[in-house]
Amino acid sequence: MKMIFKIAKTELQSLFYSPIAWLLLVVFAYQVGMIMSGMLEDIVVRQAMGYESWRVTSIFGQLFGNVQGTLYFYIPLLTMNMISRDLSGGTIKLLQSAPLRNAEIVLGKYLALMIFGLAMMGILLFYVLFGVCTIQNIDFPYVLTGMLGLYLLLCAYAAIGLFVSSLTSYQVMAAFGTLFILAMFNYVGGVWQDYEFVRDITYWLSIRGRTEEFIYGLICSEDVLYFLIVIFLFLTWTVYRLINRVQKRSWTTRWGIYLGVFLVSIMLGYMSSRPALMAYHDSTRTKSNSLSKSSQEIVALLDGKVKITTYTNLLDKDFWSTLPNHINFDKETFRPYARFKPDLKIRYVYFYDNANNSELDEQYPDMSDEERAKQISESYGVPFSIFLSPEEMRKIEDLSAEGNKTIRVIERENGQKAYLRFYFQGGWKDSPGEAEISAAFKRLVSDVPTIGFLAGHGERNIYREGDREYKRISSDKNSRSSMINQGFDIEEVYLNAPLPDSISILVISELRSPLLAEEMDHLQEFINRGGNLFVLGGPGRQELMNPIIERFGVRFMPGQLVQPTPLLQADLIQAIPTDEGVVYWSDLDFIRKTEGCVAMPGCVGLEYTKTDGITFTPLLSTDTTGCWNRIVSTDFVRDSVRYTPETGDQAGTFTTTLALTREVNGQEQRVLIAGNTDFLSNGEFAMGRREVRNFNGMLKHAAFYWLSHEELPVNTSGAEPIDRKLYISEAAMEVWSIVFMIVIPVLLALAGIIIWVRRRGR
């Protein structure tokens with residue numbers, strides 16, 4: 001060890017006496033200072049404008065992300081002369097003739113590079129300490145984890161550069177050689193991904209993205225071991241390179257050693273990448289890199305083996321994201337789940353079948369499905385032999401009910417299955433996230449709620465695409481936010497017979513004809529057994545809807561609410577959360593904080609009378625000014641709307657959405673009543689109003705979450721960050737920008753000049 005430290009000391013003196021090393025530190029300091037100044041200035045300006053930041057500590061994640069993208073430019077200039085200088089000057093012979101081992105030479109030089117790397121990390125540490133002093137409740141472990149990732153990356157780069165430096169006596173060639181190998185390690189992850197037997201090897205070899213999890217605050221044993229294995233591989237190769245210079249060996253022996261070390265490294269890397277052998281530590285305060293508590297509880301119930309099969313249809317839209325050359329990237333979707341269920345199996349099956357893809361009719365007219373599939377597979381360079389025919393596919397899994405779309409099927413060893421779909425919104429394919437994946441898993445471990453949508457009286461249809469219908473929120477398999485993709489069962493129901501016991505939530509949306517006496521009896525049976533209700537009314541339907549809700553002490557007011565504005569139609573009500581609602585539902589608190597609303601085109605007010613045994617909570621209401629209830633019918637397109645109390649107009653604040661609870665049969669019954677039906681319609685979700693910051697989707701999500709007794713949709717929210725303020729004024733930021741971009745680099749440059757001058761003087 002003494003000799004290693006002596007060599008390291010000598011190399012460090014050489015480095016810090018070199019103007020190149022100081023130039024690299026100056027450039028690095030300027031780069032970091034410029035990035036940091038820009039991000040801090042943005043936060044300071046936003047705070048001055050009254051906007052609250054979400055997570056100020058995340059600026060270090062952005063900083064480290066920028067640094068990792070340019071770090072490989074610095075290393076070749078550091079390592080290019082570490083050994084090549086000795087080769088060209090002949091000093092390598094003196095080193096090898098001295099009582100030194102080749103391993104000591106290599107480790108001494110490498111230790112010097114590691115210490116110089118600490119000097120670069122010291123520059124980053126200055127900004128971390130600055131953040132500790134200026135950021136409210138800084139997430140310190142998260143920042144240190146990012147620095148650890150950068151340092152491991154730097155050490156891996158240094159080991160590679162040291163090896164390349166041992167290959168040539170030309171320093172410039174060593175620099176370019178290092179850049180070339182680093183480039184190879186960045187791009188090897190996309191090589192030969194079509195071939196299963198080498199796919200995992202090349203993907204593991206890739207250094208690209210290895211620091212991202214560190215930067216996000218997650219330490220994974222696979223990534224730590226990857227860097228250690230790469231360092232071991234190249235340092236060992238460097239040692240044997242020096243040994244081969246003085247010992248005559250056959251080429252088979254020389255190359256055999258290199259290959260043997262490589263194979264051992266690959267084997268260790270493969271073992272470290274097995275889910276069962278991987279360990280994780282989420283260092284963030286909010287555990288933002290881990291599955292939510294709800295998802296973890298669901299996964300914990302998945303006893304036995306679970307298999308996820310992705311069935312990719314070559315004739316579907318945007319099928320390419322699950323082709324063989326994208327498999328390893330696609331598997332990253334389930335990596336958080338494999339952390340908690342290491343025996344999770346993921347497989348891919350390819351087929352072709354008609355998926356009603358109209359684009360193919362234009363691109364490949366007058367071709368059969370098989371001919372189209374062959375043409376497409378040839379275009380993508382994928383062998384057609386891996387694609388099953390429609391007949392072969394149906395023997396394995398019949399997806400005709402899903403339109404033969406590309407889909408994932410989750411299956412337990414007991415035979416239970418659940419579908420996990422891809423979504424197409426706005427013409428783009430979208431993959432499921434944690435909420436959708438966990439909802440699919442939940443279907444395998446528990447009985448999920450069924451939402452019944454009442455039909456037979458002109459209610460909103462859950463299967464049609466029309467603007468007034470309810471397909472998008474209920475049965476639309478292409479929409480991520482539809483309740484069928486959030487884990488619910490969806491069913492259209494009628495009241496000509498008692499409702500099935502499976503129905504736990506009944507939606508009644510604006511009747512156009514009255515319920516018959518028999519139907520009212522069946523509805524009363526559902527209510528008496530404690531079923532939950534979601535009743536939505538609207539203008540002109542009060543007489544039909546009031547008999548349903550009057551039993552709860554609530555009625556839809558006569559007339560219609562209006563809210564005239566210069567740019568919007570007067571019957572568009574921008575309902576805002578009430579004080580009681582903000583306390584009752586956290587989503588309403590978010591809507592208030594973001595100064596949002598729920599857009600309700602055509603809305604009536606709600607009146608309610610306090611009734612024993614029932615708890616009333618108004619959730620949304622009209623604004624305190626500018627709104628009134630209009631009794632006289634009005635053409636809102638052509639007529640101007642003015643407040644006229646003589647015709648019955650009544651000013652005030654009116655409740656538009658109301659939550660009721662009561663005890664029935666030992667359980668809490670929940671009823672939600674809204675004075676508007678269109679706010680959940682297909683047309684409203686497709687509407688875009690620049691003047692209105694609406695959160696209709698959030699209210700829909702919150703409504704069914706509450707009605708299902710917080711069971712679905714799966715709550716994937718985590719703890720809110722508490723590092724939301726930066727204690728720097730605008731004037732102070734101007735000074736700090738000068739310090740970051742000018743003072744610190746200049747001080748480093750002066751230190752380098754002083755050391756260089758003193759050395760020249762000696």
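Residues: numbered from 1 along the sequence shown.
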Problem set entry | Close side-chain approach of M600 and N696, heavy atoms under 4.5 Å | no
Exercise. Short question: side chain of R347, backbone of T309 - any donor-acceptor pair under 3.5 Å?
Worked result: no
Would you mind writing out the side-chain donor-acceptor pairs for residues 446-454 within the sub-3.5 Å range, not counting sequence neighbours?
unit_1: S446; atom_1: OG; unit_2: K442; atom_2: O; d: 3.3

Problem set entry | Test side chain to side chain donor-acceptor pair (under 3.5 Å) applied to E663 and Q669, step by step | CA-CA 6 Å; E663 289 294 322; Q669 183 181 53; over 6 Å; no
For this session: Check whether any side-chain N or O of N289 sits under 3.5 Å from a backbone N or O of D282 as a donor-acceptor pair, and report yes or no.
Result: no
Exercise. Could R335 and E213 be called an ion pair, given the rule that one side-chain N must be under 4.0 Å from one carboxylate O?
Worked result: yes
Exercise. Between Y608 and F552, does the ring centre distance come in under 6.0 Å?
Worked result: no
Problem set entry | Main-chain N/O of S292 paired to E434 side chain as donor or acceptor, under 3.5 Å | yes
Problem set entry | Contact list for residues 131-142, test side chain to side chain donor-acceptor pair (under 3.5 Å), sequence neighbours left out | none
Problem set entry | Shortest non-hydrogen contact from T677 toward S509 | CG2-CB, 3.9 Å
Exercise. Taking T578 for the side chain and G581 for the main chain, is one N or O donor matched with an acceptor at less than 3.5 Å?
Worked result: yes
Problem set entry | Interatomic spacing from CZ in F526 to OG in S504 - rounded to 0.5 Å | 7.0 Å
Problem set entry | R210 to Y226 six-membered ring, cation-pi geometry met (6.0 Å, 45°) | yes
Exercise. Salt bridge check: are D589 and K593 linked by an N-O gap of less than 4.0 Å?
Worked result: yes
Exercise. Do NZ/NE/NH1/NH2 and the carboxylate oxygens of D587 and K700 come within less than 4.0 Å?
Worked result: no
Exercise. Should we say atom CD of E595 is surrounded by more than 12 heavy atoms from elsewhere, each under 6.0 Å from it?
Worked result: no
Exercise. Got a second to check how far Q47's CD is from E52's CD, nearest 0.5 Å?
Worked result: 9.0 Å
For this session: Verify, without hydrogens or angle tests, whether S221 (side chain) and A279 (backbone) share a donor-acceptor contact under 3.5 angstrom.
Result: yes
For this session: Applying side-chain contact (heavy atoms from CB on, under 4.5 Å), run through V671 and V554 and close with a yes or a no.
Result: CA-CA 11 Å; V671 180; V554 186; over 6 Å; no
For this session: Looking only at non-hydrogen atoms, find the nearest pair between E436 and G433 and report the distance.
Result: OE1-N, 2.8 Å
Exercise. Less than 4.0 Å between a side-chain N and a carboxylate O, is that true for R662 and E668?
Worked result: no
Exercise. Is E710 paired with R670 through a side-chain N to carboxylate O contact shorter than 4.0 Å?
Worked result: yes
Exercise. With side chains defined as the heavy atoms from C-beta onward, is the minimum distance between E492 and N461 less than 4.5 Å?
Worked result: yes
For this session: Could you grab the distance from atom CG of N682 to atom CG of D476, nearest 0.5 Å is fine?
Result: 7.5 Å
Exercise. Taking only residues two or more places apart in sequence or in another chain, which ones pass salt bridge (charged side-chain N to carboxylate O under 4.0 Å, His left out) with R285?
Worked result: none
Exercise. Can you find a heavy atom in the side chain of Y337 that is under 4.5 Å from one in the side chain of I346?
Worked result: no
Exercise. Between Q416 and N414, does any side-chain donor sit less than 3.5 Å from a side-chain acceptor?
Worked result: yes
Problem set entry | Pair R208 + E212: basic N to acidic O under 4.0 Å | no
Exercise. Looking at side-chain heavy atoms only, is the closest gap between E411 and K345 below 4.5 Å?
Worked result: no
Exercise. Just how far is it from atom CG of L153 to atom OG1 of T211, taken to the nearest 0.5 Å?
Worked result: 5.5 Å
For this session: Start with the C-alpha gap between I490 and I462, add the side-chain angles, then the distance that decides, and say whether side-chain contact (heavy atoms from CB on, under 4.5 Å) holds.
Result: CA-CA 9 Å; I490 305 298; I462 62 173; 3.7 Å; yes
Seminar exercise, completed: Here the gap from M278 atom CE to S273 atom OG, rounded to the nearest 0.5 Å, amounts to 7.5 Å
Problem set entry | From CA spacing to verdict: side chain to side chain donor-acceptor pair (under 3.5 Å), T312, T322 | CA-CA 7 Å; T312 301; T322 50; 2.7 Å; yes
Exercise. Any side-chain heavy-atom pair from Y311 and T406 closer than 4.5 angstrom?
Worked result: no
For this session: Keeping the roles fixed (side chain from T594, backbone from I591), state whether a donor-acceptor pair exists under 3.5 Å.
Result: yes
Exercise. Counting heavy atoms not belonging to R529, are there more than 12 under 6.0 Å from its CZ?
Worked result: yes
Problem set entry | Axial cation check for F685 ring with R472, 6.0 Å and 45° limits | no
Exercise. Should Y419 and V409 be marked as a side-chain contact (heavy atoms from CB on, under 4.5 Å) after you check the CA-CA gap, both sets of side-chain angles, and the distance that decides it?
Worked result: CA-CA 5 Å; Y419 288 142; V409 177; 3.6 Å; yes
Problem set entry | Ring-face cation of K429 near F422 (centre distance under 6.0 Å, axis angle within 45°) | yes
Exercise. I298 versus V714: any side-chain heavy-atom pair under 4.5 Å?
Worked result: yes
Problem set entry | Greater than 12 external heavy atoms within 6.0 Å of Y216's OH | no
For this session: Would you check if the side chain of N676 reaches a backbone N or O of F679 as a donor-acceptor pair within less than 3.5 Å?
Result: yes
For this session: Decide yes or no on side-chain contact (heavy atoms from CB on, under 4.5 Å) for T284 and R55, but give the supporting numbers first.
Result: CA-CA 11 Å; T284 60; R55 187 184 178 211; 3.7 Å; yes
Exercise. Under 3.5 Å, side chain of N485 to main-chain N/O of S479, donor-acceptor pair present?
Worked result: yes
Exercise. Checking salt bridge (charged side-chain N to carboxylate O under 4.0 Å, His left out) for the pair E684/R689: CA distance, chi angles, key distance, verdict?
Worked result: CA-CA 10 Å; E684 188 59 34; R689 302 183 184 91; 2.7 Å; yes
Exercise. Could you state the interatomic distance from CG (L40) to CD1 (I35), rounded to the nearest 0.5 Å?
Worked result: 11.5 Å
Exercise. Given side chains that start at C-beta, do those of L680 and L536 come closer than 4.5 Å, heavy atoms only?
Worked result: yes
For this session: Mind running side chain to side chain donor-acceptor pair (under 3.5 Å) on T622 and Q563 for me, showing each step along the way?
Result: CA-CA 8 Å; T622 59; Q563 185 178 356; over 6 Å; no
Exercise. Salt-bridged, R460 to E510, with N to O below 4.0 Å?
Worked result: yes
Problem set entry | Pairing of R468 and D678 as salt bridge, 4.0 angstrom limit | no
Problem set entry | Audit row: Y584, W706, side chain to side chain donor-acceptor pair (under 3.5 Å) steps and yes/no | CA-CA 10 Å; Y584 199 57; W706 181 73; 3.3 Å; yes
Exercise. Is the backbone N or O of G217 less than 3.5 Å from a side-chain atom of S283, with the two atoms forming a donor-acceptor pair by type?
Worked result: yes
For this session: Could you pull out the closest heavy-atom pair between N665 and G530, with the gap in Å?
Result: ND2-N, 4.4 Å
Exercise. Is there a side-chain contact between R408 and F334 (heavy atoms, below 4.5 Å)?
Worked result: yes
Exercise. Between K307 (side chain) and I410 (backbone), is there a donor-acceptor pair under 3.5 Å?
Worked result: no
Exercise. Between D723 and T57, do the side chains contain an N or O donor and an N or O acceptor separated by less than 3.5 Å?
Worked result: yes
